[in-house]
Amino acid sequence: MRAATSILVLRHGESEWNVQQRWQGRADIALTAAGERQARDAAARLGTFAVIASSHLQRAAGTASIIAEHQGTGPVLVDERLQEVHVGPWEGLTRDEIERGYPGFLAAWRKPEGFESDAEVVERATSALRELAARAADAPALAIGHSGVIRTMRVALGAAYPRLPNLGGSWFHVADDGSI
């Protein structure tokens with residue numbers, strides 16, 4: 001019987017739309033030069049990982065590639081299940097634009113039609129983390145993903161819903177029975 005596998009799931013480095021304060025969702029937005037620096041800085045501070053995985057979106061994949069190159073770990077495993085929450089019609093909008101088009105939705109935690117449900121996010125992310133844990137055995141693994149996914153998983157597990165800075169994240173532990 002092996003011990004639980006620990007997976008550090010981090011948000012990607014700063015993207016062009018982070019700077020503009022736009023909801024990205026599944027839009028494939030590039031890292032800024034600052035985001036690339038953030039990834040290099042994180043790589044220098046992080047421990048080593050048996051496996052590094054990433055969302056396929058370039059802001060996450062770019063972050064993961066920088067970290068993997070620094071650590072000499074690779075190749076990065078690309079997993080679409082780690083992609084950001086689909087935010088439907090809010091993709092590309094700022095908070096002010098959302099408030100004008102959907103008054104009161106944000107304050108009431110309401111989501112528009114077409115927004116991916118929390119249950120769907122948890123199902124796909126849990127599946128991805130279980131597979132990553134199986135690849136890593138009981139060694140630590142790293143996954144580069146997105147704030148919405150990390151925060152949704154935290155809430156599903158009874159933890160706080162903090163705002164995550166770029167390269168902020170959480171540890172998740174996958175037990176032998178697949179529970180997280």
Side-chain angles (χ1 to χ4, degrees), residues 4-19 21-87 116 118 121-174 180:
T5 300
S6 297
I7 302 172
L8 178 59
V9 184
L10 295 178
R11 182 182 183 201
H12 56 81
E14 180 188 78
S15 73
E16 294 169 2
W17 278 12
N18 288 148
V19 173
Q21 299 183 351
R22 295 190 178 283
W23 284 50
Q24 295 177 101
R26 294 191 178 163
D28 199 10
I29 309 303
L31 290 172
T32 62
E36 292 173 359
R37 278 192 306 278
Q38 290 168 340
R40 285 191 299 276
D41 291 348
R45 291 190 313 266
L46 290 170
T48 58
F49 299 94
V51 181
I52 298 177
S54 171
S55 156
H56 71 289
L57 297 172
Q58 63 180 319
R59 59 192 184 269
T63 302
S65 290
I66 291 167
I67 293 170
E69 182 178 326
H70 181 272
Q71 293 193 356
T73 305
V76 172
L77 303 173
V78 176
D79 191 327
E80 289 188 16
R81 294 171 296 179
L82 295 171
Q83 71 185 318
E84 181 59 291
V85 175
H86 180 53
V87 297
E116 185 176 16
D118 290 352
V121 174
V122 169
E123 181 179 340
R124 69 177 165 82
T126 297
S127 175
L129 293 179
R130 284 179 178 147
E131 284 187 27
L132 183 56
R135 286 181 178 263
D138 57 354
L142 174 67
I144 305 297
H146 306 273
S147 178
V149 174
I150 298 167
R151 293 166 72 183
T152 301
M153 288 292 293
R154 287 179 54 85
V155 168
L157 295 168
Y161 188 75
R163 180 157 174 76
L164 292 173
N166 294 106
L167 274 301
S170 291
W171 282 97
F172 294 89
H173 306 283
V174 181
I180 297 178

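Numbers for residues simply follow the sequence, beginning at 1.
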- request: Could you name each residue pair satisfying salt bridge (Lys or Arg N to Asp or Glu O under 4.0 Å) that touches residues 146-172, not counting sequence neighbours?
  value: none

Heavy atoms only: give me the nearest [X]-[Y] pair and the separation to one decimal.
| X | Y | answer |
| --- | --- | --- |
| Thr63 | Ala39 | CG2-CB, 3.9 Å |
| Ala53 | Ala64 | O-CB, 4.4 Å |
| Ala50 | Thr73 | O-CG2, 4.2 Å |
| Ile150 | Phe172 | O-CZ, 4.2 Å |
| Ala141 | Ala136 | CB-CB, 3.9 Å |
| Tyr161 | Val155 | CD1-CG2, 3.2 Å |

- prompt: What side chain to side chain donor-acceptor pair (under 3.5 Å) pairs are there with at least one residue in residues 75-87, not counting sequence neighbours?
  reply: Arg26-Gln83, Asp79-Arg81, Arg81-Ser127, Arg81-Glu131

Please check: side-chain N/O of [X] versus main-chain N/O of [Y], any donor-acceptor pairing under 3.5 Å?
| X | Y | value |
| --- | --- | --- |
| Asn18 | Ser15 | yes |
| Gln71 | Gly47 | yes |
| Gln58 | Asp28 | yes |
| Arg135 | Val51 | no |

Could you grab the distance from atom [atom1] of [X] to atom [atom2] of [Y], nearest 0.5 Å is fine?
| X | Y | atom1 | atom2 | result |
| --- | --- | --- | --- | --- |
| Leu167 | Arg37 | CG | CZ | 12.5 Å |
| Ile29 | Glu16 | CD1 | CD | 7.0 Å |
| Asn166 | His12 | CG | NE2 | 6.0 Å |
| Thr126 | Ile180 | OG1 | CD1 | 4.0 Å |
| Ile52 | Ile7 | CD1 | CD1 | 12.5 Å |

task: Could you walk me through whether Leu129 and Val9 pass the side chain to side chain contact (heavy atoms under 4.5 Å, CB included) test, one step at a time?
output: CA-CA 9 Å; Leu129 293 179; Val9 184; 3.9 Å; yes

I'd like to check [X] versus [Y] (side-chain heavy atoms, cut-off strictly below 4.5 Å). Are they in contact?
| X | Y | answer |
| --- | --- | --- |
| Met153 | Val122 | yes |
| Leu142 | Ile67 | yes |
| His146 | Val85 | no |

message: Arg124 vs Val149, test: side chain to side chain contact (heavy atoms under 4.5 Å, CB included). Steps then yes/no.
response: CA-CA 10 Å; Arg124 69 177 165 82; Val149 174; 4.0 Å; yes

